[in-house]
S.K.: 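Take this structure first; my questions come after.
Small disclaimer: the values here were computed from a predicted structure and weren't measured.
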Amino acid sequence: MNNIAYPSLFSPLQLANAMLKNRIISSPAGVPRAATPSSTHYGEISAYDRSLGGAGLVINPIYGCGLDPDPFSKYGADSTREILSVMKQSGALAGFSLSGYAMKTEADGTTVTLYPSEDPGCFPMTGRAGTIEEFHEFTQRQAQLAKQVQAFGFDLIMLHISDSSTASMMLSGWNQRQDQYGGSIENRCRWVTEFTQAIRQAVGPDFPILARIPRTLGPIPQSHSEADSQFMARAIEKNVDGFIIYNGMDTYGVTIENYETNVHQQTTIFEPMDYNLDFAEQLKKAVKKPVFLNCGITDDPKIPDQWIAEGKIDGIAMARQLFADPFWPKKAEEGRSEDIVPCLRCNYCYHISTVHNNVQCSVNPRFRRENRVPLRLEKTDHPKRVVVIGGGPAGLKAALVAEEKGHVVTLIEKAERLGGTINVADHGGYKQELKNYRDYLVRQVKKSTIQVLLNTQATPTLVQNLAPEGLILAVGAKPWLPAIPGIENAEPVVNAYSHFDTIQGNVIIIGGGAIGTEFGLELAENGREVTVIEMGDTLSANENWLYRIAQRQHIEHCDQFHAKLKTSVIEVLKEGVVTQDEKGEKTIMNADHIFIAAGMSALKEEAFQFYGITPNTVMIGDCRKPGHVLDCTNDAYFAAANI
């Protein structure tokens with residue numbers, strides 16, 4: 001292991017008759033198929049880049065659950081062969097995710113889920129209570145499928161017995177059976193023991209099997225306990241070669257508002273990055289097979305390397321971080337962790353977040369666009385002088401992309417440092433991922449040939465003297481101050497982060513969007529009494545579902561956070577505000593600090609003044625329309641790549 005920056009992470013690990021070249025698993029993650037012209041999308045697994053990135057094992061999403069086409073049918077096999085080739089193309093082992101969701105095709109041709117008891121009524125999958133014979137029949141079907149997987153050339157099977165699988169449901173409070181599958185913990189683990197034993201018998205003793213098991217089902221009354229999960233792991237240990245920790249469920253509730261457990265499966269910024277580490281460490285002490293940690297691991301390979309070295313876990317499994325940067329493993333192996341693009345844990349890659357309205361990666365414009373966005377931009381035969389105005393996330397990304405294409409780039413920033421409005425990430429515990437991304441962009445600019453002019457106010461004259469052949473305007477936005485009497489007594493939240501620790505006592509925040517609510521929640525969790533006043537009926541209304549659900553769950557556990565919805569501030573006093581609710585009733589509220597977070601206003605006029613210098617001029621990021629990092633990344637990439 002000479003010259004390996006992270007020797008524990010990149011040590012081999014044997015699983016039965018297979019050898020992982022490192023301790024990194026590319027997790028199964030089903031990604032919706034993008035429009036055909038934009039995506040080289042192999043079996044809806046988006047595995048092309050991840051298979052090239054250096055992980056030791058790449059696992060596809062679930063097959064064989066009764067809802068997917070037969071992967072080994074006459075025509076299904078042809079597609080599966082190409083998927084397998086893609087997964088193995090850079091030396092990774094290829095894992096097949098075998099479903100533990102018991103399903104049955106009824107006489108009328110419909111497919112139903114077999115639940116332990118009656119249909120809980122809170123899942124999209126219609127079902128009914130399964131009989132013992134039906135569960136046995138399903139087990140045998142999956143055992144036959146496991147034989148096909150082995151014969152076809154896959155290197156490993158991962159049993160999907162977490163989430164809302166039959167194993168988890170049997171373990172949970174939804175199991176009200178009175179037969180040998182219900183009641184005691186031994187009975188509730190009987191089915192999964194039989195299931196894993198059948199799979200083992202089908203493939204023999206030497207073919208590796210991993211089990212993705214649940215920590216819990218999330219914060220719902222029907223969830224089983226962590227102790228139950230440990231019991232299940234010990235019960236099936238003889239049938240498998242290792243465990244991958246999972247948590248939460250993919251669905252809980254028939255409406256999108258009810259995805260209460262998803263945020264514990266795909267954690268947001270409101271949970272720590274080592275969310276499942278304690279349970280993984282406990283499980284590793286309880287079993288003798290390898291334990292892989294899944295959930296929330298982002299850009300720094302030093303952390304999981306240390307966990308493995310300390311014996312807390314045996315390896316890691318990642319999905320979202322490998323969407324953000326599929327080459328995380330190779331960069332880590334080569335000691336180039338500073339070049340890893342951090343995942344923001346924003347969950348825009350998860351289709352549930354936006355109800356399929358905007359399934360993208362905030363930091364990787366190639367995600368689901370493999371045909372349109374190349375791995376590397378081809379160098380231009382006609383380098384141009386490109387000027388980028390603004391050193392926020394959009395300007396930094398645009399400058400880097402323009403330089404990658406071979407242009408001569410000058411970046412102008414009026415402040416003394418790069419980063420723009422995301423420099424608020426220097427403060428606040430919920431902004432660690434954003435800070436990591438800001439730092440990554442700044443590092444890449446410093447390593448580049450981009451000429452950076454700091455403390456420089458761009459003017460049309462200055463820019464014209466640079467004679468640009470391409471001009472990218474990323475001048476950003478400023479806090480919007482509504483026309484409320486006394487608004488000058490309120491400080492913009494974006495300015496308040498820099499003196500977070502000096503804020504004491506009672507706090508009023510005008511505006512319950514993401515900026516104001518997140519700032520208020522963090523203040524409240526640190527002991528301040530906070531009231532957020534919002535004109536609408538929803539906090540963080542412009543954020544994706546999972547962000548809002550996770551934020552709300554934390555708010556519900558914070559007694560110091562208060563929200564007044566459907567309420568307007570009609571005057572800002574020096575030591576308080578005057579509010580008016582939807583009934584027209586007015587109230588005077590006192591406060592030690594008053595902050596305003598009413599949104600951002602695009603600096604369009606500042607951008608417009610630069611038009612006419614060169615025909616090749618484009619506005620990007622917040623000066624075009626205030627939005628998220630995702631919008632900045634898309635704007636920046638395509639603007640710069642097409643110069």
S.K.: Any side-chain donor-acceptor pair under 3.5 Å between Gln432 and Asn436?
M.R.: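 Distance-only check passes for Gln432 and Asn436.
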S.K.: Do Gln89 and Ser51 pair up side chain to side chain, a donor and an acceptor below 3.5 Å, judged on atom types alone?
M.R.: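 Their side chains do contain a donor-acceptor pair, which is all the 3.5 Å distance test asks for.
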S.K.: I'd like to check the ring pair (Phe, Tyr, Trp, His ring centres under 6.0 Å) partners of Phe327; sequence neighbours left out, ordered by chain and number.
M.R.: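 With sequence neighbours excluded, Phe327 shows a ring pair (Phe, Tyr, Trp, His ring centres under 6.0 Å) to no residue whatsoever.
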S.K.: Residues in salt bridge (Lys or Arg N to Asp or Glu O under 4.0 Å) with Asp278, at least two apart?
M.R.: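 With sequence neighbours excluded, Asp278 shows a salt bridge (Lys or Arg N to Asp or Glu O under 4.0 Å) to no residue whatsoever.
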S.K.: Side chains of Tyr350 and Asn262: any donor to acceptor distance under 3.5 Å?
M.R.: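 On atom types as modelled, these side chains qualify, holding a pair under 3.5 Å.
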S.K.: Would you please name every residue forming a ring pair (Phe, Tyr, Trp, His ring centres under 6.0 Å) with Tyr437, sequence neighbours left out?
M.R.: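 Per chain and number, Tyr437 pairs via ring pair (Phe, Tyr, Trp, His ring centres under 6.0 Å) with no residue.
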S.K.: Is it true that the side chains of Ser8 and Arg23 contain a donor and an acceptor less than 3.5 Å apart?
M.R.: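 No, because no side-chain N or O of Ser8 sits under 3.5 Å from a partner of the opposite role on Arg23.
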S.K.: Mark yes or no for whether Ser353, through its side chain, and Tyr348, through its backbone, hold a donor-acceptor pair below 3.5 Å.
M.R.: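 Checked: no pair found.
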S.K.: Answer yes if the side chains of Ser337 and Tyr6 hold a donor-acceptor pair under 3.5 Å, and no otherwise.
M.R.: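 Judged by distance alone, the side chains do pair up.
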S.K.: Verify the distance criterion only: is there a donor paired with an acceptor across the side chains of Ser27 and Asn294 at less than 3.5 Å?
M.R.: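 Side-chain D/A pair, Ser27 to Asn294: present.
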S.K.: For Asp299, which residues count as a salt bridge (Lys or Arg N to Asp or Glu O under 4.0 Å) partner, sequence neighbours excluded?
M.R.: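 Testing Asp299 for salt bridge (Lys or Arg N to Asp or Glu O under 4.0 Å), a comparison that skips the adjacent residues, returns none.
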S.K.: Can you find a side-chain donor-acceptor pair between Ser540 and Arg548 that sits under 3.5 Å?
M.R.: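 On atom types as modelled, these side chains do not qualify, holding no pair under 3.5 Å.
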S.K.: Which residues pass the ring pair (Phe, Tyr, Trp, His ring centres under 6.0 Å) test with Phe561, not counting sequence neighbours?
M.R.: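 Checked Phe561 against ring pair (Phe, Tyr, Trp, His ring centres under 6.0 Å); zero matches.
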S.K.: Would you confirm whether the ring centroid of Phe270 sits within less than 6.0 angstrom of the ring centroid of Tyr430?
M.R.: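 Yes, close enough.
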S.K.: Would a line drawn from the ring center of Phe123 to the ring center of Trp174 be shorter than 6.0 Å?
M.R.: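 So the answer is yes for these two rings.
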S.K.: Under a 3.5 Å cutoff, is there a donor and acceptor pairing between the side chains of Gln144 and Gln148?
M.R.: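 Judged by distance alone, the side chains do not pair up.
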S.K.: With a distance cut-off below 6.0 Å to the six-membered ring centre and an angular limit of 45° from the axis, does Arg212 pair with Tyr246 as a cation-pi contact?
M.R.: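 The answer is yes; both the distance and angle limits are met.
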S.K.: Please identify each residue that fulfils side chain to side chain donor-acceptor pair (under 3.5 Å) with His427, with sequence neighbours left out.
M.R.: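 His427 satisfies side chain to side chain donor-acceptor pair (under 3.5 Å) with no other residue.
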S.K.: Would you kindly say whether Glu518 and Gln551 are connected by a side-chain donor-acceptor distance under 3.5 Å?
M.R.: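 No, because no side-chain N or O of Glu518 sits under 3.5 Å from a partner of the opposite role on Gln551.
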S.K.: Can you confirm whether Lys238 is buried at NZ, in the sense that more than 12 heavy atoms of other residues, nucleotides or ligands lie under 6.0 Å from that atom?
M.R.: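 Count over threshold, so yes.
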